[in-house]
Amino acid sequence: MLKNKKSVYFCQECGYESAKWMGQCPGCKAWNTFVEETVSSKKSSGGSLRTSVSNRQEPVILRDISLKEDERRTSGIGELDRVLGGGIVPGSLVLVGGDPGIGKSTLLLQVCRNLADRDASVLYISGEESLRQIKLRANRIGDFSDKLTLLCETNLENIREVMERKKPDVAVIDSIQTMFHEEISSAPGSVSQVRESTNVLMQVAKGLGISIFIVGHVTKEGNVAGPRVLEHMVDTVLYFEGDRHASYRILRAVKNRFGSTNEIGVFEMRDTGLEEVKNPSEFLLDGRPENASGSIVACSMEGTRPILVEIQALVCQSNFGIPRRTTVGTDFNRVNLLMAVLERKAGVQLASFDAYVNIAGGMKMTEPALDLGICLAIFSSYKDIVISDHVMAFGEIGLSGEVRAVSMAGQRVQEAKKLGFEKVILPEVCRASVGKIDGIELVYVSQIKDALMYVKKA
Ligand code: TYD
Ligand code: MG
């Protein structure tokens, strides 16, 4: 017995494996994160999947493999389907990560409800809450069909047995950190437990064609515990994020074997569960101040979707030698760079001024297309001039003060038009790609100076 067991040390932050204890993890540089865990030295589960697949398969012609169009199952939540790449793929393993209390369990319970209403059999396995607690949450969400079954269980062998017996179409594991495998002696939530548990679930998903959603908690750094291990194993990794103080939540794909990774889904947390936000721009622009300096609307593409946000800047005389710069929701270094460009290329003397830049609504955006908006907001606050609230701006700023092209300019203009904007300031180089659009005035600029001149005069 003892011969097959050996003890190794795992970094609990990143999953780095080492034969001896170390003070600092060479992988993620975290201190004092190594914990001793015993693993059985005979290669377990990973190998058994391989053997089952490898009993003499012949190569097949790619073109001969047929796919049914309706293979994907809709989750009944458009925003989630979009992030998944068009629906739930049978036999896929989806990891949903996020801070505690962000709404992972709520989202998945709603998905379960929709799937059950569409006649899919669904099994919700919780290791965190009792049946009554789940029922209490469910009561807030609405009525449930009989197709949804619940199970409170943390032992993976029992879960595997139930899945093999019941063969649900979709299963949810709430949360992987509470699951344990009897063969492994370390505590639930440790790297080797999480890895082994995911391995078992992967075999169940692929073997029986069950789509499995796994909830994963995140570490201080915002990664799912044992991230390298987990993220490699699953098909799709979704992160559920949002500001604790704001009611909306963003679902983002960071890995997706069945779709693109730059789509986002936007939800709002209500007292009856999560509600889809079909038009995030409208939602984010709600409650904008009127006739205030230092504010302008800019546009960022999130996947295939243009999202309009308000950029706010406050520039005020510095009291100390070194001016203070603070950013919320956007890249600090980028703002410093843009301020240097404003100073050198447009003659805006910012050296003795503090500057605060904020993306209103708590969104985090770093697309370079926001550059022009950030510059105009800073300039507007500096000169105390009001930019009309019917103006939107986008464009990347280069180090020589030029306004550079951005992708999908036409779509951004269309979105602004849809929301009732009257003017768009955009890069000159996008003129050809935008073409003619009625009902909205397009102001093309090629230098940051031109844009500043324009808002000064307007
Ligand atoms: P939950 O799904 O339990 O979070 P997680 O599983 O990610 O830890 O969501 C918990 C939060 O959501 C909790 O603070 C209460 C809030 N909530 C609502 O505001 N409305 C609702 O209808 C529900 C079910 C939860
Ligand atoms: Mg939960």
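Whatever order the structure lists ligands and atoms in, that order sets their numbers, starting from 1.
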Determine whether Ser105 and Arg137 make a side-chain contact, defined as any pair of heavy atoms from C-beta on separated by less than 4.5 Å. yes
Does Glu415 pair with Lys418 as a salt bridge, N-O distance under 4.0 Å? yes
Is a salt bridge present between Glu276 and Arg82, judged by a nitrogen-to-oxygen distance below 4.0 Å? no
Is it true that Glu367 and Arg412 have a side-chain N and a carboxylate O under 4.0 angstrom from each other? yes
Enter the distance from Ile397:CD1 to Leu372:CG here, rounded to the nearest 0.5 Å. 5.0 Å
Just to verify, what does Arg404 make a side chain to side chain donor-acceptor pair (under 3.5 Å) with, not counting sequence neighbours? Glu402
What are the protein N, O or S atoms, given as residue plus atom name, that sit under 2.8 Å from the Mg ion (ligand 2)? Ser105 OG
Could you pull out every protein residue that has a heavy atom closer than 4.0 Å to ligand 1, ordered by chain and then number? Asp99, Pro100, Gly101, Ile102, Gly103, Lys104, Ser105, Thr106, Arg137, Arg140, Met269, Arg270, Asp271, Thr272, Gly273
Quick one: does Arg73's side chain have a donor or acceptor within less than 3.5 Å of a partner on Gly87's backbone? no
Arg140 and Asp271 ion-paired at < 4.0 Å: no
Quick one: salt bridge (Lys or Arg N to Asp or Glu O under 4.0 Å) pairs with a partner in residues 249-265, sequence neighbours left out? Asp235-Arg257, Glu241-Arg252, Arg252-Glu302
